[in-house]
Amino acid sequence: MLRTLGISLMLAALLAMPAAAAPSEHEQAVARLAAELGALDADASLGGLARLERLQARQALADARDARRRDREHKLALASVRIETARLAAEAELLADQAAQLDRERDQIMIEASRLEAERARRESERLRLQALAREEALQRELELAEADRVAAVEAAEAETAQARKLAAARAREAELARKEAELAAAIAADDIADAAPPPVRREGGKQVYTLAGNAFGSGSASLTAEAQASLRALAGLLSGGGKVTIEGHTDSQGADDANRALSQRRADAVRRVLEEAGVAASRMRAAGKGESAPVADNASAAGRALNRRVEIIVN
């Protein structure tokens, strides 16, 4: 209630400003985000859910409101992501609660169905003992009941599967938002690194190959560190000319082939995004995940594996 009141007071303050001092674009953006957060808090179906994410969203909104001019765009984007994360987290918790309730109801239905089945079998046995001439008719009824039970069970399983798919989709969206949040946070931190150098370079024939080491990413992650982003921005300044830029992600041999290939592709895509945001035309760049297929050192040693975990930016 206090959170909703705070957001309402913020909106009222902006609306009460005189015409001569109309809200700036930044203030309007903050007001829109505050309205989104207020709508989330006012949603009775999601009340009390995702408390931590809501707190983080309010903190991010406060940071965006008080941000310095050069940080406003990043802070607003971060606040927007936090608000969306809070909404998705609340919806995911709601879906989880609903799934648990469905599980309880299903178990109760199965218990009741078992009890009814036992009672029906007892009555059927007694009926068959007393009415032998009606055995064929009783058997037909039993088959019909069994088919109805089977159809009901299939429908219940399909409903449960659909619910699980919704939960998985919500968690996937939450993970994607978390990745974007990490990239935004690293981008904000990279703004404060003024003396970053581009990645090390070597020549191969007529090509220049810049190598971004594996420690530019978190373990098992495709989110670049602030230092790596600053280094890539410095590299973007050297790529202002023409020519094609091929970005290849590589991993060591540990882990499954498909997982390594997917991780290397995500890392190559992350490098491409940073270069594009720093001014390199997207039409010049191609990103590819090579997985463990092109090692430069022996994967039998930790030092060799560290060298194999890399992203290469090849400039023709």
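Computed from a prediction, not measured in an experiment: that's the story for all the values here.
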Ion pair [X]/[Y], N-O distance below 4.0 Å:
X    : Y    : result
E53  : R51  : no
E276 : R273 : no
E126 : R129 : yes
D107 : R104 : no
R266 : D269 : no
E91  : R87  : yes

May I ask you to decide if [Y]'s main-chain N or O and [X]'s side chain share a donor-acceptor pair within less than 3.5 Å?
X    : Y    : value
R267 : S221 : yes
S125 : R122 : no
H26  : A64  : yes
T85  : V81  : yes
S264 : N260 : yes

Closest contact, heavy atoms only, [X] versus [Y]:
X    : Y    : answer
G289 : R261 : O-CG, 3.8 Å
Q163 : A99  : CG-CB, 3.9 Å
M285 : R272 : CE-O, 3.6 Å
A34  : L61  : CA-CD2, 3.6 Å
A234 : A197 : CB-C, 4.0 Å
G48  : R54  : N-NH2, 4.4 Å

Apply the test side chain to side chain donor-acceptor pair (under 3.5 Å) to residues Q59 and D63: give CA-CA distance (whole Å), side-chain angles for both, the deciding distance (0.1 Å), then the verdict. CA-CA 6 Å; Q59 291 171 343; D63 288 345; over 6 Å; no
Can you measure from [atom1] ([X]) to [atom2] ([Y]) and round to the nearest 0.5 angstrom?
X    : Y    : atom1 : atom2 : value
E124 : E119 : CD    : CD    : 12.0 Å
D252 : N308 : CG    : CG    : 6.5 Å
Q28  : S24  : CD    : OG    : 7.0 Å
Q208 : E312 : CD    : CD    : 13.5 Å
R286 : K244 : CZ    : NZ    : 10.5 Å
L238 : I313 : CG    : CD1   : 11.5 Å

Out of E155, E112, E160, which residue meets the salt bridge (Lys or Arg N to Asp or Glu O under 4.0 Å) rule with R106?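 Exactly one candidate clears the test, E160.
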Take atom CZ in R202; do more than 12 heavy atoms of anything else shown fall under 6.0 Å from it?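 Counting neighbours around CZ of R202, more than 12 heavy atoms of other residues, nucleotides or ligands fall under 6.0 Å, so yes.
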Does atom CD (E73) have a neighbourhood of more than 12 heavy atoms from anything else shown, all under 6.0 Å?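 Counting other residues, nucleotides and ligands, CD of E73 stays at 12 neighbours or fewer.
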Following the transitive rule for hydrophobic clusters with a side-chain heavy-atom cut-off under 4.5 Å over Ile, Leu, Val, Met, Phe, Trp and Tyr, establish whether [X] and [Y] coincide in one cluster.
X    : Y    : result
V271 : L239 : yes
L263 : F217 : no
I247 : V315 : yes
Y210 : L307 : no
I83  : L46  : yes

For the residue pair [X] and [Y], establish whether any side-chain heavy-atom pair is separated by less than 4.5 Å.
X    : Y    : value
V245 : I314 : no
V296 : R310 : yes
T211 : P199 : no
R203 : K207 : no

Side-chain donor-acceptor contact under 3.5 Å, S253 with R305: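 No, no side-chain donor-acceptor contact under 3.5 Å.
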Does the side chain of D97 come under 3.5 Å of the side chain of Q101 through a donor N or O and an acceptor N or O?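 The criterion, which ignores hydrogens and geometry beyond distance, is not satisfied for Q101 and D97.
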Stepwise side-chain contact (heavy atoms from CB on, under 4.5 Å) test for E292 and N299: CA-CA 9 Å; E292 60 187 75; N299 277 304; 5.5 Å; no
